[in-house]
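Notes for the one structure printed next.
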Amino acid sequence: VLVGYSGNVAIMWEITERRVEAVLEDDLSDSNEFVSVACSPNGSMLATGHGTGKNPHGIFESVYLWDAKSFEKVAALPITLGHMDKGSVRFSGSGGALAVGGSIWDVALRRELWAFEDRHPKHLVWMSRVIPNANHVLLGGYKIIDATNRVGLLARCDIADGRVVSLRETSDQSFPN
């Protein structure tokens, strides 16, 4: 299955038969757009990140979990406003955890395990990428020095406990864009 999304619709394509398998629609409002779609490694679940069209930065306003067989919405994650960062939803290699911006969620329990910004308050995460074989998540963003200064940040964290495995900072203001 291949997923494409635009506006408040995500289309699930069955690529071997070249047909539409399902259409997922966000029923919150016409202004709520799909920002990201991910499929769990075993193919049983989908995660979708949503933001409003009014928000040019793609900041999530909601994250949903869907059954990938029935295409029914099974859960809405209660995302904290500060953790709805730009980026994408990503499943861990086992499918048991979901990266949402700078936070990691337990998929089965539907609860947040940890958030980088809670542990490092002067940091703002703008993207996340899961490193499946290492059970790590790569977080990119900024460390705020003061009202006018910041440095680029790249952190590699353990998915299970949020422990920082490595951390790099750069004065390059275009990082991590």
Side-chain angles (χ1 to χ4, degrees), residues 1-5 10-16 21-22 24 26 33-51 58-80 82-120 123-143 152-170 175-177:
V1 175
L2 177 67
V3 179
Y5 55 91
I11 300 171
M12 310 298 295
W13 293 91
E14 208 303 323
I15 56 175
T16 56
E21 181 91 14
L24 307 179
D26 186 340
E33 298 178 349
F34 282 82
V35 176
S36 180
V37 179
C39 185
S40 65
N42 69 3
S44 68
M45 187 167 292
L46 300 170
T48 57
H50 303 257
I59 296 176
F60 294 152
E61 297 195 355
S62 54
V63 173
Y64 295 117
L65 299 177
W66 306 74
D67 181 286
K69 307 264 184 280
S70 68
F71 300 108
E72 296 292 322
K73 194 182 298 182
V74 295
L77 301 181
I79 306 296
T80 304
H83 301 162
M84 295 186 287
D85 303 314
K86 181 179 177 181
S88 55
V89 291
R90 303 271 191 211
F91 282 95
S92 64
S94 69
L98 181 71
V100 178
S103 63
I104 300 295
W105 287 75
D106 182 301
V107 174
L109 299 177
R110 318 282 200 257
R111 69 176 178 86
E112 187 177 68
L113 295 174
W114 57 269
F116 190 81
E117 293 165 354
D118 286 348
R119 296 174 180 193
H120 307 276
H123 294 76
L124 181 61
V125 174
W126 283 104
M127 69 86 168
S128 62
R129 297 294 183 263
V130 173
I131 307 169
N133 296 337
N135 289 319
H136 291 157
V137 62
L138 192 61
L139 305 173
Y142 297 101
K143 178 179 178 183
L153 164 79
L154 188 62
R156 183 174 178 159
C157 301
D158 185 278
I159 286 179
D161 61 14
R163 178 180 45 87
V164 175
V165 176
S166 64
L167 180 70
R168 301 286 184 264
E169 294 178 353
T170 176
F175 181 83
N177 297 330

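Because the structure is predicted, anything quoted here is derived from the model rather than measured. We number each residue from 1, following the sequence as shown. Computation of the quantities below employed the complete heavy-atom set of this structure, encompassing side-chain atoms and omitting hydrogens, waters and symmetry-equivalent molecules.
- Within the model, atoms CH2 of Trp105 and CZ of Arg110 stand 11.0 Å from one another, a figure rounded to the nearest 0.5 Å.
- Partners of Asn42 by side-chain hydrogen bond (donor to acceptor under 3.5 Å, both in side chains), not counting sequence neighbours, listed by chain and number: Ser40, Ser44.
- The heavy-atom pair separating Leu167 from Ala155 by the smallest distance is CD1-CB, 3.7 Å.
- Across Ala99 and Ser128, no two heavy atoms sit closer than the pair CB-OG, 3.9 Å.
- In this structure, Phe91 and Cys39 have side chains that are not in contact, with every pair of non-hydrogen atoms separated by 4.5 Å or more.
- In this structure, Asn135 has no side-chain contact (heavy atoms from CB on, under 4.5 Å) partners at least two apart in sequence or on a different chain.
- Using a distance-only test at 3.5 Å, with no hydrogens or angles considered, no donor-acceptor pair links the side chain of His120 to the main chain of Glu117.
- To the nearest 0.5 Å, the span separating CG on Leu98 from CD1 on Ile104 amounts to 7.5 Å.
- Contact check for Val164 versus Phe116: side-chain heavy atoms found under the 4.5 Å cut-off.
- In this structure the side chain of Glu112 reaches within 4.5 angstrom of the side chain of Asp118, judged on heavy atoms.
- Scanning all heavy atoms of the two residues, the minimum distance from Glu169 to Lys143 falls at OE2-CD, 3.2 Å.
- Nearest approach of Gly93 to Pro41, heavy atoms of both residues: O-CG, 3.2 Å.
- For His136, the side-chain contact (heavy atoms from CB on, under 4.5 Å) partners are Ile131, Ala134, Arg156, Asp158, Val165, not counting sequence neighbours.
- Residues Leu154 and Leu139 fail the side-chain proximity criterion, which asks for heavy atoms closer than 4.5 Å.
- Considering only heavy atoms from C-beta on, Val107 comes within 4.5 Å of Met45 through its side chain.
- Side-chain contact between Thr170 and Leu153 is absent, with no heavy-atom pair separated by less than 4.5 Å.
- Remark: Asn133 CG is loosely packed, at most 12 non-hydrogen atoms of other residues, nucleotides or ligands lying under 6.0 Å away.
- Between Thr48 and Trp66, the side chains place a donor N or O and an acceptor N or O closer than 3.5 Å (distance only, hydrogens not considered).
- Here the CH2 atom belonging to Trp114 is positioned 10.5 Å from the CZ atom belonging to Arg163, to the nearest 0.5 angstrom.
- Applying the salt bridge (charged side-chain N to carboxylate O under 4.0 Å, His left out) test to Asp106 and every residue at least two apart in sequence or in another chain returns nothing.
- Listed here is the closest heavy atom pair of Val89 and Ala47: CG2-O, 3.6 Å.
- Remark: Thr16 pairs with Glu14 by the side-chain contact (heavy atoms from CB on, under 4.5 Å) rule, at least two apart or across chains.
- With sequence neighbours left out, Ala22 forms a side-chain contact (heavy atoms from CB on, under 4.5 Å) with Met12, Phe71.
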